[in-house]
**Student:** 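Provided herewith is a single structure, encoded as structure tokens, for subsequent inquiry.
Chain letters run A, B, ... following the sequence lines, proteins first and then strands; every chain starts at 1. Values in this document were obtained by computation on a predicted structure and should not be read as measured data.
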Amino acid sequence: MGKVKCSELRTKEKKELLKQLDELKTELTNLRVAKVTGGAASKLSKIRVVRKAIARVYIVMHQKQKENLRKLYKDRKYKPLDLRAKKTRAMRRALTKHELKLKTKKEICKLRRYPTRVFAVKA
Amino acid sequence: MAPKKTAPKPAAAGSSKAEEKKKPAAPAKEKGTKDGKVEKKSAKPAAKPAAKPAKPAVKKADKPKKDAAKAKSKTASKKAAINKAKKVQTKVIKGAFGTRVRKIRTSVKFHRPHTFRPPRNPKYPRKSVPRRDRMDAFNVIKYPLTTEAAMKKIEDSNTLVFLVHTKANKHHVKAAVKKLYKINVAKVNTLIRPDGKKKAYVKLARDYDALDEANKIGII
């Protein structure tokens, strides 16, 4: 089959990826049968290669899927929880920048009436 | 209906409102209920003298007449007009209170009333994508067994023996074998080996030969 490369997989469509996945999996089952019936060493070493290839296909598939979902939910108000910013639990629960900025009318009046004056001494 | 009402109602202003409501209703409906009208005309003059001297209170006089009228009126629209008039009357009499009707309780028990429970309609799915199914055919069947006992099973009982994922059940195994090897399965027996793996004895349907299938798979 030749080496399965992620860069090649990324150019493929979803259907092609699924087909490739099926092929790799059937190959794996054949190799496993060969292992049980005492197959050649070449076959046995190939098992690892095929397993990793399957993993690569899944990686590319899921990356693409997530990317498309993020595009879909990009400018929506409500996003699924796994598409929201992860940060930390505490940070997610903290006040937003806008909420921190809010001041009461009383406070605004005070600031306006008694601003911090800046003076300079003439040399 | 209209002339009858005007006579005994000097006092209640609200009742007159009701009258006015009825007056436009009555002539509009006269076309539809000629029979009813005729009956009413005959019945009302009789009821009128009977009711007039009997009841001094103006409002009470209305009610039996209303009931009589109600009994005789055929159309639902006339009934609606009467109900409307009654409502207006109670409003006038009692002011801002007294318009709510008390519910009729038919049982001594009180059960929590049923409220509206809408079906779920989320604004966003909690998970962007549901988890993929881990028990696909390739995952269920690990590999076939090639021990002597297994070989015996192939020849004698037309069954194939597989090692299978521990979480797979007989339905999973049946579907997986059908999908991977395209053979019909008669039944599946499973057991868990002492080393923790699950073994499945898959008996094939009559029209399939285990020996041929085993050759195709690669065990032999």
**Student:** Which residues in residues 123-136 of chain B have a heavy atom less than 4.5 Å from any heavy atom of chain A?
**Tutor:**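 Listed by number, the contacting residues are B:K123, B:Y124, B:P125, B:R126, B:K127, B:S128, B:V129, B:R132, B:D136.
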**Student:** Indicate yes or no: at least one non-hydrogen side-chain atom of B:L145 is less than 4.5 angstrom from one of A:V36.
**Tutor:** no
**Student:** Does CZ in A:R92 sit with more than 12 non-hydrogen atoms of other residues, nucleotides or ligands closer than 6.0 Å?
**Tutor:** yes
**Student:** What residues of residues 171-198 of chain B make heavy-atom contacts with chain A at a cutoff under 4.5 angstrom?
**Tutor:**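 No residue falls under the 4.5 Å cut-off.
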**Student:** Measure distances from A:K79 to the heavy atoms of chain B and classify the residue's part below 4.5 Å as side chain, backbone, both or neither.
**Tutor:** backbone
**Student:** Do other residues, nucleotides or ligands put more than 12 heavy atoms under 6.0 Å from the CD atom of A:E107?
**Tutor:**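 Result for CD/A:E107: enclosed.
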**Student:** Look at atom NZ of A:K25 and say whether more than 12 heavy atoms of other residues, nucleotides or ligands are closer to it than 6.0 Å.
**Tutor:** yes
**Student:** Flag yes if more than 12 heavy atoms outside A:R10 fall under 6.0 Å of its CZ atom; otherwise flag no.
**Tutor:** yes
**Student:** Which answer fits B:I217, side chain, backbone, both or neither, if we ask what part of it has an atom under 4.5 Å from a heavy atom of chain A?
**Tutor:**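 Contact with chain A: backbone and side chain both.
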**Student:** Look at A:K35, A:K77, A:R84 and state which one has the largest set of heavy-atom pairs under 4.5 Å with chain B.
**Tutor:**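 Going by pairs under 4.5 Å, I would pick A:R84.
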**Student:** Heavy atoms only, distances under 4.5 angstrom: which of A:D82, A:L72, A:L69, A:L83 has the most pairs with chain B? Name it, please.
**Tutor:**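 Answer, by heavy-atom pair count under 4.5 Å with chain B: A:D82.
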**Student:** Locate the shortest heavy-atom distance separating B:P144 from A:V33; write the atom from each residue and the value.
**Tutor:**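 In terms of heavy atoms, the two residues are closest at CD-CG2, 3.5 Å.
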**Student:** Counting only heavy atoms from other residues, nucleotides and ligands, does the tally under 6.0 Å from CD of A:E13 exceed 12?
**Tutor:**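 Count not over threshold, so no.
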**Student:** With respect to B:F138, which candidate in A:T26, A:L28, A:L21 satisfies the side chain to side chain contact (heavy atoms under 4.5 Å, CB included) definition?
**Tutor:**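 Only match with B:F138 under side chain to side chain contact (heavy atoms under 4.5 Å, CB included): A:T26.
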